[in-house]
Amino acid sequence: MRIGKIIGTVTATRKDERLVGFKLLLTQPYVNGQAKGEPLVAVDTVGAGIGEIVLYATGSASRHAANKPQSPIDASIVGIIDSIDVAD
Amino acid sequence: MRIGKIIGTVTATRKDERLVGFKLLLTQPYVNGQAKGEPLVAVDTVGAGIGEIVLYATGSASRHAANKPQSPIDASIVGIIDSIDVAD
Amino acid sequence: MRIGKIIGTVTATRKDERLVGFKLLLTQPYVNGQAKGEPLVAVDTVGAGIGEIVLYATGSASRHAANKPQSPIDASIVGIIDSIDVAD
Amino acid sequence: MRIGKIIGTVTATRKDERLVGFKLLLTQPYVNGQAKGEPLVAVDTVGAGIGEIVLYATGSASRHAANKPQSPIDASIVGIIDSIDVAD
Amino acid sequence: MRIGKIIGTVTATRKDERLVGFKLLLTQPYVNGQAKGEPLVAVDTVGAGIGEIVLYATGSASRHAANKPQSPIDASIVGIIDSIDVAD
């Protein structure tokens with residue numbers, strides 16, 4: 001999984017029906033305390049909100065997270081991070 | 001999923017038969033309001049057109065989008081984006 | 001799928017038996033009319049030849065292209081491109 | 001697999017239930033004797049600890065490592081490295 | 001598949017039991033006659049040795065190569081390259 005920050009949302013009225021009902025969260029990789037790089041759009045499976053630091057999974061793992069193994073999902077939020085402890 | 005812009009189309013007369021009947025859309029990653037980086041070729045599953053900003057999926061997710069799990073598809077358009085709302 | 005140019009071939013006498021019988025094509029990503037970046041080795045499933053501009057698929061999609069879902073293939077040529085039409 | 005260094009841990013109280021019970025290890029790619037690049041969060045399947053140099057797998061391989069093929073896991077520690085021998 | 005050079009070996013006493021019995025080969029991408037970039041650790045399925053130029057597969061393809069579809073393997077050597085012929 002990678003660490004990301006929820007920086008926004010995406011709205012798509014016309015979309016694959018298996019995406020209906022999921023929040024589509026704009027999620028930016030979060031490295032060394034900084035959000036940077038290309039954001040991706042992940043479906044929310046844990047009730048994440050704007051500004052939160054999260055764990056996200058990509059690929060087939062993300063479909064298991066959403067309990068939709070036959071869907072077009074390739075990225076999901078799978079946890080909300082409380083703390084990141086980096087060893088000295 | 002990632003955000004892309006449809007910048008063109010690709011024609012291939014000789015191709016895997018499981019690609020027949022799909023529009024092949026040249027799709028460029030779209031980051032911070034700008035299309036940039038290597039375009040990929042995605043099959044259209046939602047009726048997307050030139051110039052539209054879309055959601056695309058890659059890998060096995062894209063075959064589920066196309067309802068062709070046993071096909072050579074590795075990228076599909078899965079939604080047409082109405083709005084991207086980035087938090088302040 | 002991505003767009004590539006066939007720039008050569010690879011010969012490997014000792015290889016996984018499931019690769020026997022496939023042409024192994026050296027395929028370089030082709031972006032903005034230019035072949036560049038690390039070439040990969042894709043199996044040919046459409047009769048592609050040197051110098052042609054092709055569509056290639058990676059990952060499990062490429063095994064479906066080759067009709068060998070249980071093989072070590074992770075890249076296949078899946079189409080020969082006639083034209084790339086980029087919108088103005 | 002890739003080589004990484006365990007540089008820390010991540011705590012996430014709210015997460016997919018299939019991640020419960022796994023240590024979530026912050027793992028940085030380790031190249032030429034140096035940890036560098038974006039760290040990822042891998043589940044521990046071998047009893048790895050802070051500072052150790054490890055082998056990690058990504059994608060569906062990581063779910064097999066964790067014996068959880070239907071889970072949201074996309075990265076796992078699969079070995080603790082004793083030595084890396086580079087030929088002269 | 002990609003082209004790599006075997007530059008060394010890795011030893012890991014404590015590892016997933018499904019990796020036992022495989023040689024773990026340090027494999028560096030080999031581009032334009034030069035080994036460069038982050039090496040990965042691939043299991044050997046063809047009897048490759050130090051210094052050889054090889055074909056390697058990643059992802060689920062690599063597990064088929066090793067005939068271990070339920071294992072943590074995500075990279076395998078699948079061929080030993082005799083020659084790379086680049087067209088003029």
Task: Which portion of C:Ile84 sits near chain B, non-hydrogen atoms under 4.5 angstrom - done: both
Task: Side-chain heavy atoms of B:Arg63 within contact of C:Ser60, under 4.5 Å - done: yes
Task: chain C contacts, top residue of B:Gly8, B:Ser71, B:Ala75 (heavy-atom pairs, under 4.5 Å) - done: B:Ser71
Open item on the list: As an exercise: rank C:Gly79, C:Ala65, C:Ser76, C:Pro29 by heavy-atom pairs under 4.5 Å with chain B and give me the winner.
Closed with: C:Ala65
Open item on the list: Quick check for you: among C:Gly59, C:Ala61, C:Gly37, which has the greatest number of heavy-atom pairs under 4.5 Å with chain B?
Closed with: C:Ala61
TODO: Could you tell me which of C:Thr45, C:Ile3, C:Thr58 has the largest number of non-hydrogen atom pairs under 4.5 Å with chain B?
DONE: C:Thr58
Open item on the list: If we check side chain to side chain contact (heavy atoms under 4.5 Å, CB included) with B:Arg14, which of these qualifies: C:Val54, C:Ile80, C:Asp82?
Closed with: C:Ile80
Open item on the list: If we define contacts as heavy-atom pairs under 4.5 Å, which of B:Glu38, B:Glu17, B:Lys15 has the most with chain C?
Closed with: B:Glu38
Task: Proximity breakdown for C:Val31 and chain B, heavy-atom pairs closer than 4.5 Å - done: side chain
Task: 4.5 Å side-chain heavy-atom contact, B:Leu24 and C:Met1 - done: yes
Task: Interchain contact, B:Thr9 with chain C, by part (heavy-atom threshold 4.5 Å) - done: both
Task: Beyond-backbone contact of C:Ser83 with B:Val10, side-chain heavy atoms, under 4.5 angstrom - done: no
- [ ] May I ask you to test the B:Leu19-C:Val78 pair for a side-chain heavy-atom distance under 4.5 Å?
- [x] yes
- [ ] Would you mind telling me which of B:Leu40, B:Val41, B:Asp16 makes a side chain to side chain contact (heavy atoms under 4.5 Å, CB included) with C:Leu55?
- [x] B:Val41
